[in-house]
There are 2 protein chains.
Amino acid sequence: MEHVDLDTVNKVKPKMPDTTLLYELSDFFKLMGDSTRIQLLWALEENEMCVGELALLLNMTKSAVSHQLKALRSAKLVKAQKRGKNVFYALSDHHVRTVLEMALEHVAE
Amino acid sequence: MEHVDLDTVNKVKPKMPDTTLLYELSDFFKLMGDSTRIQLLWALEENEMCVGELALLLNMTKSAVSHQLKALRSAKLVKAQKRGKNVFYALSDHHVRTVLEMALEHVAE
DNA sequence: TTGACAGTTGAACAGTTGTTCAACTATAAT
DNA sequence: ATTATAGTTGAACAACTGTTCAACTGTCAA
């Protein structure tokens with residue numbers, strides 16, 4: 001006795017994303033799934049800023065901000081540029097704005 | 001001696017999202033940031049399916065699948081319908097497809 | 001009613017994550 | 001050279017997350 005429709009399962013199976021794509025996707029969303037990192041991206045969409053400014057804006061320690069910026073940097077979402085004693089961060093990809101707007105549309109319903 | 005541009009910070013501050021929106025956004029991304037849940041959404045985009053079919057498709061226990069479906073259900077991303085002994089799940093919102101496609105575009109570069 | 005199957009639930013466990021802290025490097029000013 | 005500031009780093013800690021397991025509910029068939 002079998003209650004599972006094997007045809008459906010076998011029809012859908014080949015349409016599933018391969019492992020690599022799957023993990024790239026979930027890693028991307030994982031990165032966006034933290035309020036601190038969203039705030040950093042949101043802020044950098046307005047203006048490039050240095051670590052101290054971002055820390056002041058978010059009312060956090062420079063260390064905490066730096067750790068999160070590192071995560072965003074290794075995902076190539078932001079880029080860093082050293083000028084004098086400061087390190088200025090900027091969005092490296094305006095794709096981020098689109099994704100944020102898409103999510104906003106979903107959340108604001 | 002001050003190396004932080006207060007004007008920049010004060011200019012950006014009012015543009016930041018309020019706390020509620022911020023957490024709604026990060027909660028949404030958190031939900032998408034798991035490969036199991038992405039697979040479930042991806043699969044349900046092709047066909048509504050019951051828990052057993054989804055478990056077979058993803059090669060997971062029904063319990064694990066059920067737990068994740070519950071998370072997706074409380075976020076209103078999927079809806080459940082009981083028919084006989086089975087519970088069939090379907091996407092409740094085709095907005096999800098758009099967000100996934102947006103993220104795909106970002107990842108595939 | 002009894003048995004079998006579909007699905008749900010909560011506790012427990014291991015693995016992961018974000019912030020803090022202290023130590024560190026690097027740049028600039030005196 | 002010395003001092004102060006900007007930022008980075010790694011270890012440690014607590015909080016959170018996803019899967020497993022076992023016990024449970026509900027539905028159908030005999």
Side-chain angles (χ1 to χ4, degrees), chain A residues 1-6 8-9 22-23 25-41 44 48-75 77-90, chain B residues 1-6 8-9 22-23 25-41 44 48-75 77-90:
Chain A
M1 198 185 289
E2 186 54 84
H3 289 271
V4 163
D5 184 350
L6 279 178
T8 303
V9 174
L22 187 57
Y23 283 114
L25 267 178
S26 58
D27 283 350
F28 171 72
F29 283 120
K30 232 171 266 173
L31 205 67
M32 304 289 288
D34 173 73
S35 54
T36 298
R37 289 191 292 269
I38 290 187
Q39 286 184 95
L40 288 171
L41 294 171
L44 294 177
E48 75 163 16
M49 274 184 270
C50 66
V51 179
E53 289 165 343
L54 289 165
L56 180 62
L57 179 67
L58 306 196
N59 193 31
M60 293 178 65
T61 65
K62 277 181 275 189
S63 174
V65 168
S66 179
H67 275 297
Q68 299 303 347
L69 285 170
K70 186 182 188 177
L72 293 172
R73 207 175 352 129
S74 21
L77 293 186
V78 305
K79 56 190 171 194
Q81 192 195 8
K82 184 151 197 170
R83 294 208 294 272
K85 260 194 286 192
N86 294 90
V87 179
F88 284 87
Y89 281 84
Chain B
M1 200 182 289
E2 187 53 84
H3 289 271
V4 162
D5 184 350
L6 279 178
T8 302
V9 174
L22 187 58
Y23 283 114
L25 268 177
S26 60
D27 283 350
F28 171 71
F29 283 121
K30 231 171 264 173
L31 205 69
M32 305 291 289
D34 173 74
S35 56
T36 298
R37 288 192 292 268
I38 289 186
Q39 285 184 97
L40 289 171
L41 294 171
L44 294 177
E48 74 162 16
M49 274 184 269
C50 66
V51 178
E53 289 165 343
L54 289 165
L56 180 61
L57 178 68
L58 306 195
N59 193 32
M60 293 178 67
T61 65
K62 277 181 275 189
S63 174
V65 169
S66 177
H67 275 297
Q68 299 302 347
L69 285 170
K70 186 181 187 177
L72 294 172
R73 204 171 358 122
S74 23
L77 292 185
V78 305
K79 57 191 171 193
Q81 190 194 10
K82 185 152 196 171
R83 292 206 296 271
K85 258 194 286 192
N86 295 89
V87 178
F88 285 87
Y89 281 84

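By convention in this document, chain letters (A, B, ...) are assigned in the order of the sequence lines, proteins followed by strands, and residues within each chain are numbered from 1. Predicted model, so just to flag it, every value in this text is computed and none were measured.
For A:Gln81, the side chain to side chain contact (heavy atoms under 4.5 Å, CB included) partners two or more places apart in sequence, or in a different chain, are A:Arg83. Every residue two or more places apart in sequence or in another chain was checked for a side chain to side chain donor-acceptor pair (under 3.5 Å) with A:Gln39, and none qualifies. A search for side chain to side chain contact (heavy atoms under 4.5 Å, CB included) contacts involving A:Ser66 returns nothing, not counting sequence neighbours.
Residue A:Leu69 contributes atom CG, which lies 11 Å from atom P of D:dT9 at whole-angstrom precision. The distance from atom CG of B:Asp5 to atom C1' of D:dA6 is 16 Å, rounded to the nearest whole Å. Atom CD in A:Glu53 sits roughly 11 Å away from atom P in D:dA6 (whole-Å rounding). In this structure, A:Gln81 places its CD atom 19 Å from P of C:dA26, rounding to the nearest Å. Per the geometry, CG belonging to A:Leu72 stands 14 Å off P belonging to C:dT17, to the nearest Å.
Between B:Arg73 and B:Tyr89 there is a side-chain heavy-atom pair separated by less than 4.5 Å. Residues B:Leu25 and B:Tyr23 form no side-chain contact, since every pair of their non-hydrogen atoms from C-beta on lies 4.5 Å or further apart.
Nearest nucleotide to the side chain of B:Val87, out of D:dG7, D:dT27, C:dG7: C:dG7. In the set D:dG7, D:dG10, D:dT8, the nucleotide with an atom closest to the side chain of A:Arg73 is D:dT8. Across D:dG18, D:dG26, D:dT8, the shortest atom-to-atom separation from the side chain of B:Gln68 is found for D:dG18. Across D:dT9, C:dT27, C:dG10, the shortest atom-to-atom separation from the side chain of A:Lys85 is found for C:dT27.
Contact annotation: B:Asn86 side-chain N/O to D:dT27 OP1/OP2 distance is not under 4.0 Å. OP1 or OP2 of C:dT19 has at least one side-chain nitrogen or oxygen of A:Thr36 nearer than 4.0 Å. Contact annotation: A:Lys70 reaches the phosphate of D:dT9 (side-chain N/O to OP1 or OP2, under 4.0 Å). For A:Tyr89, a side-chain nitrogen or oxygen approaches OP1 or OP2 of D:dT8 to under 4.0 Å.
Near DNA chain D, meaning a heavy atom under 4.0 Å away, the residues from residues 56-66 of chain A are A:Lys62, A:Ser63, A:Ser66.
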Give every donor-acceptor pair under 3.5 Å between a side-chain atom in residues 49-61 of chain A and any protein atom, sequence neighbours left out.
{"unit_1": "A:Glu53", "atom_1": "OE1", "unit_2": "A:Cys50", "atom_2": "N", "d": "3.0"}
{"unit_1": "A:Glu53", "atom_1": "OE2", "unit_2": "B:Asp5", "atom_2": "N", "d": "2.9"}
{"unit_1": "A:Thr61", "atom_1": "OG1", "unit_2": "A:Ala64", "atom_2": "N", "d": "3.1"}

Show me the donor-acceptor pairs, under 3.5 Å and distance only, between side chains in residues 28-38 of chain A and residues at least two apart or in other chains.
{"unit_1": "A:Asp34", "atom_1": "OD2", "unit_2": "A:Thr36", "atom_2": "N", "d": "3.2"}
{"unit_1": "A:Asp34", "atom_1": "OD2", "unit_2": "A:Arg37", "atom_2": "N", "d": "3.1"}
{"unit_1": "A:Arg37", "atom_1": "NE", "unit_2": "A:Leu31", "atom_2": "O", "d": "2.7"}
{"unit_1": "A:Arg37", "atom_1": "NH1", "unit_2": "A:Gln68", "atom_2": "OE1", "d": "2.8"}
{"unit_1": "A:Arg37", "atom_1": "NH2", "unit_2": "A:Lys30", "atom_2": "O", "d": "3.3"}

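Nucleic acid contact class of B:Phe88 (heavy atoms, under 4.0 Å, all strands): none.
Nearest heavy-atom pair across A:Ala80 and A:Val87 is CB-CG1, 3.9 Å.
B:His67 does not qualify as a stacking partner of the D:dT19 base, lacking a centre-to-centre distance under 5.5 Å together with planes within 30°.
One distance of note links CD of B:Glu48 with NZ of B:Lys79; it measures 9.5 Å at 0.5 Å rounding.
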Footprint string (nucleotides 12-17 of chain D, 5' to 3'): B base within contact, S backbone only, - free, heavy atoms under 4.0 Å: -----S
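For the helix from C:dT1-D:dA30 to C:dT30-D:dA1, the rotation axes defined at the first and last 5 base pairs enclose an angle of 20°, given to the nearest 10°.
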